[in-house]
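Worksheet for the structure shown next.
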Amino acid sequence: MIENLVIVESPAKASTIEKFLGKDYLVKSSFGHIRDLEKKNLGIDLEKDYSPQYIVPDEKKKIVAELKKLAKDARTVWLASDEDREGEAIAWHLFEVLGLKKDNTKRIVFNEITKDAIQKAIKNPRSIDYNLVNAQQARRVLDRLVGFELSPILWKKVKPSLSAGRVQSVAVRLIVEREREIHAFKSTSSFKVNAHFLTDEKKTTVLAELEDKIKIREHTLAFLKKCQNAQFKVSDIVTKPSKKSPAPPFTTSTLQQEASRKLGFSVAQTMMLAQKLYEAGNITYMRTDSVNLSESAIGMAKTVILKEFGEKYSFPRQYKTKTKGAQEAHEAIRPTYLDKTDIAGATSEKKLYDLIWKRAVASQMSDAALEKTTVTIDISSTPEKFIASGEVMKFDGFLKVYIESTDDEHEENSEKLLPPMKIGQMLNLDYIKATERFTHHLPRYTEASLVKKLEELGIGRPSTYAPTISTIQQRGYVVKEDREGTLREYQEIILKNQQITEQKLKETTGAEKAKLFPSDIGMIVNDFLVQHFKDILDYNFTASVEKEFDEIAIGSVKWTKMIDKFYQPFHKKVTITTETSERSVGERILGKDPESGKPVMVRIGRFGPMAQIGESSDEDKPRFAGLLKGQSIDTISLEEVLDLFKLPRVIGLFENKEISASVGRFGPYLKHDSKFYSLKPGQDSPLTVNLERAIEIIQTKRIEQENKILKTFTEDPDLKILKGHWGAYLAYNKNNYKIPKTISAETITFQECQEIIKNGPSKAKPKRGKKSK
DNA sequence: CAGTGAGCGAGCTTCCGCTTGACTT
């Protein structure tokens with residue numbers, strides 16, 4: 001007989017709580033939800049008021065059986081799942097599936113894991129909140145209806161196996177629209193004019209910027225001419241105090257952002273490391289939308305700050321969550337023990353822990369006090385003014401520990417220390433430099449900045465940010481890529497020693513690192529969905545249904561009513577779209593082929609993005625060509641398409657044989673002496689690669705091939721021992737054979753090789769990414 | 001492996017949110 005059985009959601013949480021509760025309590029974990037809608041079918045009975053058809057999935061059967069057995073023997077069962085919509089539903093599913101009884105089942109909640117909080121919860125049990133449960137059922141059913149009715153339309157109208165959903169489709173939309181904004185963006189340039197002055201002592205320089213940028217070169221030159229014999233006088237000095245406050249401790253989303261900005265971690269990587277830290281007991285729960293810290297954590301932080309930095313640096317504070325739709329079932333992410341500055345583990349874990357520690361500690365520290373000084377400098381020959389600004393830190397406060405990063409890629413930290421100056425003081429001009437600067441488009445999303453945007457829109461939850469980002473990449477809607485920048489020319493005009501000189505310089509622009517780009521399929525699917533299901537793709541759709549879920553949660557709306565109101569018009573739209581909409585292949589007609597006069601178009605074909613000259617109905621067949629990597633249906637020009645039809649292209653002769661370049665099933669390649677040599681997309685293009693470079697590629701590949709060979713045999717020159725990615729293997733007649741571990745690749749004999757060949761080639765790789773049933 | 005781009009149609013794909021391992025290569 002067990003006195004008390006407590007069920008929580010996470011096993012790590014279970015073991016912590018067990019310590020607080022003592023031997024009369026057995027604490028177990030449900031490992032999240034224990035049942036869900038049927039996997040294969042819709043799982044919702046549309047004839048019976050949307051009645052959900054729940055099943056316990058196979059992987060949960062074992063844990064359910066165990067909990068059932070324990071619950072039967074327990075005097076009291078405490079359902080201690082999280083205090084939010086999903087947590088309440090978990091408690092209810094447990095109640096139903098385990099066959100619990102009302103009189104000995106108690107529902108308790110706590111949103112911080114401290115002894116006090118848990119004991120207080122035990123003293124204040126309640127019963128299951130069915131309104132909250134119904135809000136969750138509505139959420140679950142709505143997501144299923146949307147996902148399972150939209151996806152099949154895409155299978156019919158675009159491509160099989162695609163998917164759509166309330167969260168993922170909006171995430172893709174953000175990326176598609178940002179990409180189009182970027183393409184529509186026209187950069188303009190203007191001249192930023194910086195003056196470098198010397199103070200009387202000629203020891204320190206003062207950097208000042210002209211108030212307004214100058215649009216064109218001629219005006220810039222005219223301005224510099226005016227400055228040639230001018231005098232420069234300090235006309236005003238304004239000093240203003242300012243302060244900076246620390247950021248709140250981490251939530252899942254802000255942790256993902258900062259780990260990306262400061263440590264370069266992907267969203268998935270951050271979560272995996274945080275999970276490890278959590279399981280080792282080093283940090284609190286890592287999937288949270290709350291910035292709340294427990295009283296004891298605030299106390300611990302104070303002790304640490306007093307000891308490490310002194311009283312001036314301590315400033316305990318409690319933060320309020322501003323995030324849309326936050327459920328706040330947990331604390332913010334923080335070290336479990338704030339006095340622990342270092343942990344055992346891998347370097348990456350240590351780095352992430354350090355970040356979490358700094359952010360949490362800094363959040364409990366004093367504001368930084370700054371003093372901003374703005375100096376206005378008059379020019380005797382013209383009314384324009386130079387402005388020098390500087391910043392002095394009067395007290396570092398939390399900045400001693402932690403500075404939050406931003407996503408701004410073009411940040412210029414011009415705030416510097418200024419030497420002492422007086423109003424009326426004359427300054428000596430060292431030189432003036434006018435540099436041509438360009439406006440830049442909005443940045444492409446990174447994984448982390450996309451998470452930030454989704455959170456702002458109230459779309460998705462801490463537990464789904466990382467999976468959503470991986471889903472939209474897996475479906476091929478979005479790719480994470482680096483892109484090389486292009487060289488751009490800019491002008492610089494300098495006035496020094498009364499002389500004006502001009503020069504042209506070059507800089508790289510538009511380079512991207514680990515950014516999210518939409519694919520052709522991503523754009524086509526997005527356009528299709530936006531066209532036919534505008535309301536669901538609306539950025540405010542989630543926010544508005546969340547409001548309705550809230551109504552259900554307080555009991556003022558019946559959940560099936562809400563679903564019905566949504567589903568009736570939605571389903572009608574699904575039916576109409578299925579019946580009436582065209583197949584969507586993203587076709588764009590670019591113009592006419594100057595040679596034949598036939599129309600030139602691009603679209604998605606059976607094997608991906610392609611270009612076509614002529615209609616399929618024409619007497620002579622249309623001509624086809626695949627698009628190159630990096631080209632997009634959305635943006636490719638007629639010229640670029642016509643270039644594609646120049647392939648295969650003969651480049652020249654090498655060793656008396658022709659080298660030609662083309663694009664095939666596996667990308668661009670060179671062909672020489674009936675051997676193939678892949679071209680790296682982005683590095684060499686089959687349209688432009690020259691003979692010299694082609695020969696270089698062929699010779700490099702030959703050397704690589706040479707190095708791969710570990711051993712050959714005089715008995716049969718076709719039989720080779722090669723060095724592969726996973727070690728040595730045997731190659732013969734275009735088949736590869738695994739060498740048994742009992743035989744060393746170095747001493748293998750010809751006889752042994754023949755033995756291996758007799759046993760047949762190594763099996764083809766099994767299909768990935770699918771769990772067999 | 002490297003020329004494709006059509007059509008027929010079996011059987012399959014798919015959502016969002018809670019949670020962790022157990023599996024290859």
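Convention: sequence-line order gives letters A, B, ...; per-chain numbering from 1.
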query: Checking A:R85 against A:W92: charged group under 6.0 Å from the ring centre and within 45 degrees of the axis?
result: no
task: Tell me whether A:W155 is stacked on the nucleobase of B:dT13, counting only the six-membered base ring and applying the 5.5 Å and 30° thresholds.
output: yes
field: Distance test, side-chain N/O of A:R603 to OP1/OP2 of B:dG5, below 4.0 Å
entry: no
- prompt: So what does A:Q275 touch, heavy atoms closer than 4.0 Å: a base, only the sugar-phosphate, or nothing?
  reply: sugar-phosphate
- request: Determine: side-chain N/O of A:R287 to OP1/OP2 of B:dT20, distance under 4.0 Å, yes or no.
  value: yes
message: Does A:R475 reach a base, just sugar-phosphate, or nothing at all? Heavy atoms under 4.0 Å.
response: sugar-phosphate
message: Please determine whether any donor N or O and acceptor N or O are separated by less than 3.5 Å between the side chain of A:R140 and the base of B:dC15.
response: yes
- prompt: Does a nitrogen or oxygen in the side chain of A:Q136 sit under 4.0 Å from OP1 or OP2 of B:dG17?
  reply: no
task: Over 60° means perpendicular and under 30° means parallel, so classify the ring planes of A:H532 and A:F528, tilted if in between.
output: tilted
- prompt: So what does A:G32 hit on the nucleic acid, given a heavy-atom distance under 4.0 Å: a base, only sugar-phosphate, or nothing?
  reply: base
message: For a quick check of understanding: with a heavy-atom distance under 4.0 Å over all strands, which category does A:Y285 fall into, base, sugar-phosphate or nothing?
response: sugar-phosphate
- request: For A:Q612 and A:R603, test the side chains for any donor-to-acceptor distance below 3.5 angstrom and give the result as yes or no.
  value: yes
query: Hey, are A:Y285 and A:E112 close enough side-chain-wise for a donor-acceptor pair under 3.5 Å?
result: no
- request: Pick base, sugar-phosphate or nothing for A:P11, based on heavy-atom distances below 4.0 Å to the nucleic acid.
  value: sugar-phosphate
task: In whole angstrom, give the distance that lies between atom CZ of A:F607 and atom P of B:dA2.
output: 13 Å
message: Less than 4.0 angstrom between a side-chain N/O of A:K40 and OP1 or OP2 of B:dT13, yes or no?
response: yes
- request: Measure the distance from CD1 on A:I521 to P on B:dT13 and round it to the nearest whole Å.
  value: 19 Å
query: Can a side chain N or O of A:S10 be found less than 4.0 Å away from OP1 or OP2 on B:dC18?
result: no
- request: Looking at every strand, decide which applies to A:A164 at a 4.0 Å heavy-atom threshold: base, sugar-phosphate, or nothing.
  value: sugar-phosphate
query: What about A:S163: does its side chain form a donor-acceptor pair under 3.5 Å with the base of B:dT14?
result: no
- prompt: Which is true for A:R461 with a 4.0 Å heavy-atom rule: it touches a base, it touches only sugar-phosphate, or it touches nothing?
  reply: sugar-phosphate
message: Can you measure A:Y278 atom OH to B:dG21 atom P for me and round it to whole angstrom units?
response: 11 Å
message: Whether A:Q168 contacts B:dC16 is assessed here as follows: a side-chain N or O lying under 4.0 Å from the phosphate OP1 or OP2. Is that the case?
response: yes
task: For residues A:Y669 and A:Y677, establish whether the separation of their ring centroids is below 6.0 Å.
output: no
query: Would you say the base of B:dC16 and the side-chain of A:R139 have a donor-acceptor pair closer than 3.5 Å?
result: yes
message: A cation-pi test, strictly: NZ or CZ of A:R144 under 6.0 Å from the centre of the six-membered ring of A:F148 and no more than 45 degrees from its axis. Yes or no?
response: yes
task: For A:V167, report the nucleic acid contact type (base, sugar-phosphate, nothing); a contact means any heavy atom under 4.0 Å.
output: sugar-phosphate
message: Both conditions, 6.0 Å and 45 degrees, for the charged tip of A:R166 above the ring of A:F541: are they met here?
response: no
message: Under 4.0 Å, counting only non-hydrogen atoms across every strand here, what does A:G460 touch: a base, just sugar-phosphate, or nothing?
response: sugar-phosphate
message: Strictly below 4.0 Å: does A:R623 bring a side-chain N or O up to OP1 or OP2 of B:dG3?
response: no
Sugar-phosphate, base or nothing in reach of A:L150, heavy atoms under 4.0 Å: nothing
- request: State whether A:S151 places a side-chain N or O below 4.0 Å from either non-bridging phosphate oxygen (OP1 or OP2) of B:dC15.
  value: no
query: If you look at every strand shown and take non-hydrogen atoms under 4.0 Å, does A:S678 touch a base, only sugar-phosphate, or nothing?
result: base
task: Indicate whether OP1 or OP2 belonging to B:dC18 is found under 4.0 Å from a side-chain N or O atom of A:S463.
output: yes
message: Would A:F624 count as stacking on B:dT4 if stacking means ring centres less than 5.5 angstrom apart and planes tilted under 30 degrees?
response: no
